[in-house]
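In what follows, a single structure is set out as structure tokens and then discussed.
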Amino acid sequence: MTGVGIDDISIYTPEYYYSLHDLVIAHGIDPNKYLVGIGQERMAVPPPDEDVVSMAANAVAPLLTRQLRDTVSTVIFATESGIDQSKSAGLFVHGLLGLNPHCRVVEFKQACYSATAGIQLAADLVRQRPMEKVLVIASDIARYERGSEGECTQGAGAVAMVISANPRLLELHPVSGLYSVDVMDFWRPNHRSTACVDGKLSIDVYLRSLAEAWADYRRKGGLPLGAVDKLCFHQPFTRMAKKAFAALSEAAGSEAAHLDESCYADSQIYGRAIGNTYSASLYIGLCSLLDRCGEDLGGRTIGLFSYGSGAVGEFFTATVKPQYRRHLRAEAHRAMLDSRRRLDGRTYAAWFYDAPSQAEDRVFPQESRGRFRLAAIEGQRRIYAAAS
Ligand code: CAA
């Protein structure tokens, strides 16, 4: 075995977006606050017939070979906007995609961090049993109170990754730095569909977690920042990466001298157009970096920082495989983003905020373009449909 890591990656985001140019008009503020100060241009908006399950199934579908369907040993579904308090969202995906019955399926939650726990546990499973492949999925809808400071950072999307031995894209290094602390910076009680947030505190805890996780990574023998070529941060909004880069540079001192803002710029392209995707955000950023970076990243080292409010932070590193470009889905991702439709303010509000309660039975008219969609709720059961 020559290492374990990400063998394949695919992202999905809804067909519809709301422009932040329209949101600044609605909020009556200077456009540069959202476009420059927050660093966002569009937010992906799911139509009523899309949820974290259908987005996840749509992210997984392109990478599902017959061999993967038959051999996947574990499915880890990371989300903080799940649809059931008991059943794992992964089981709906398992059924929709016809995965083999002899695998374990579980849902992970720790705000925006949980996909990283999924990746690290998946990597350890594969290190123990190198023939196994693990599917790690992250899918979220970021929703704040209407008119709140968080509204401009909303978004929706999913990412699916295959973790295997001899990966074709990225080999994960075994060292990672951790930091956990019990704090109320962002949370969502069970009865709420929108998040509660102490915005300024959340930024402070994010940056403290980065400095602490970085120190832990170095204490455990991790690489100096001088050996890292690119950086990819959890991005609730792209301006956060600028703050994170400044904090990491300060923590790493002279080791950061060779790096400037270009080392994370390509990781921001997808997030700026999609918005926050919570658990998926870091990995959509990673996909953006791999897909869109003009340089050949083969053999280069990427540093990744994962953050989930509440709070857990993890800093880890990975090496890009030499032939990685042959295995990317960059064109499909570009086509998906380029073909989206702009929503007017009325439809955005109706879909994001005024949708009827999902506690009642209803049939959803088809609005989504994905291969899988939420078709109805019947007797408290969610019924998904595959496009014919
Ligand atoms: N032109 C250019 N820049 C402008 C501007 C203008 N006209 N007007 C304001 N700005 C700048 C401000 O100077 C500020 O820049 P700095 O941060 O560099 O100082 C930036 O725009 C934002 O302005 P405010 O601080 O006034 O913004 P705000 O208070 O209205 O809200 C926020 C910002 C707190 C991040 C809010 O959007 C929020 O609560 N978001 C949700 C929480 C969040 O994303 N937290 C991030 C860390 S937690 C995390 O990462 C987990 C997660 O995914 C949620």
Side-chain angles (χ1 to χ4, degrees), residues 3-6 78 108 110-124 127 170-187 198-265 267-268 271 278-279 281-283 285-286 289 300-320:
V4 168
I6 301 177
F108 278 12
Q110 179 18 60
C112 308
Y113 164 75
S114 56
T116 300
I119 298 263
Q120 296 293 7
L121 292 171
D124 279 343
R127 286 182 187 113
L170 214 67
E171 187 175 316
L172 295 165
H173 301 168
V175 180
S176 79
L178 296 162
Y179 179 71
S180 291
V181 59
D182 179 4
V183 60
M184 296 300 275
D185 61 328
F186 170 106
W187 66 105
D198 182 337
K200 302 292 184 231
L201 177 66
S202 72
I203 291 173
D204 289 349
V205 185
Y206 177 119
L207 296 176
R208 183 178 8 133
S209 301
L210 170 55
E212 293 282 355
W214 166 252
D216 189 48
Y217 171 82
R218 291 289 282 130
R219 257 194 313 272
K220 288 171 172 165
L223 296 170
L225 203 58
V228 172
D229 303 295
K230 298 283 177 188
L231 287 164
C232 195
F233 302 100
H234 167 59
Q235 288 175 72
F237 49 95
T238 65
R239 180 69 176 251
M240 192 68 219
K242 187 182 169 83
K243 294 177 194 292
F245 179 63
L248 182 60
S249 300
E250 192 182 323
S254 59
E255 288 178 9
H258 67 302
L259 295 174
D260 59 29
E261 292 180 0
S262 65
C263 76
Y264 61 84
S267 74
Q268 300 182 302
Y278 292 159
S279 61
S281 161
L282 173 65
Y283 298 97
L286 173 64
L289 173 63
R300 313 283 286 279
T301 298
I302 303 178
L304 298 106
F305 176 62
S306 179
Y307 177 73
S309 292
V312 179
E314 180 161 350
F315 187 93
F316 59 106
T317 44
T319 303
V320 184

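Just so you know, residue 1 is the first one in the sequence shown, and it goes up from there.
Within the model, atoms CE of M240 and CG of L207 stand 4.0 Å from one another, a figure rounded to the nearest 0.5 Å. Taken to the nearest 0.5 Å, the CD1 atom of I119 stands 12.0 Å off from the CG atom of D124. To the nearest 0.5 Å, the span separating NE2 on H173 from CG on L223 amounts to 6.0 Å. Separating the OH atom in Y307 from the CZ atom in F186 is a distance of 10.0 Å, to the nearest 0.5 Å. Note that the CG atom of L259 and the CG atom of L248 stand 8.5 Å from one another [nearest 0.5 Å]. With rounding to the nearest 0.5 Å, the separation of CD in E255 from CZ in R218 is 4.5 Å.
Side-chain contact check for K243 versus L210: every heavy-atom pair is 4.5 Å or farther apart. Counting heavy atoms from C-beta on, the side chains of C112 and L282 never come closer than 4.5 Å. For the pair L304/K230, no side-chain contact is recorded, criterion being any heavy-atom separation below 4.5 Å from C-beta on. In this structure, the side chains of D229 and V320 stay at 4.5 Å or more apart for every pair of heavy atoms. Between V181 and E212, the closest side-chain pair of non-hydrogen atoms is not below 4.5 Å.
Ring orientation note: the planes of Y264 and F233 are nearly perpendicular, at an angle over 60° on the 30°/60° scale.
Among all heavy-atom pairs drawn from T317 and G303, the shortest one is CG2-CA, 3.9 Å. The minimum heavy-atom distance between S249 and A256, with the atom names listed, is CA-CB, 3.9 Å. Across every non-hydrogen atom of L225 and A252, the tightest pair is CD2-CB, 3.6 Å. Nearest heavy-atom pair across A78 and S114 is CB-OG, 3.3 Å. F315 and A213 get closest at one heavy-atom pair: N-CB, 3.9 Å. Closest non-hydrogen pair, S306 versus Y113, comes out as OG-CD1, 3.3 Å.
Between the H258 side chain and the V228 main chain, a donor and an acceptor come within less than 3.5 Å of each other. Put simply, the side chain of S281 gets close to the backbone of Q235: a donor and an acceptor are under 3.5 Å apart. Formation of a donor-acceptor pair under 3.5 Å by the D185 side chain with backbone atoms of L201 is not found in this model. K220 places a side-chain N or O within donor-acceptor distance of the main-chain N or O of S176, the cut-off being under 3.5 Å.
A search for salt bridge (charged side-chain N to carboxylate O under 4.0 Å, His left out) contacts involving D198 returns nothing, not counting sequence neighbours.
T116 pairs in a side chain to side chain contact (heavy atoms under 4.5 Å, CB included) with only one of the listed residues (Q110, H234, E314), which is E314.
Residue pairs satisfying the side-chain hydrogen bond (donor to acceptor under 3.5 Å, both in side chains) criterion with at least one member in residues 201-211, sequence neighbours excluded, are listed as follows: Y179-R208.
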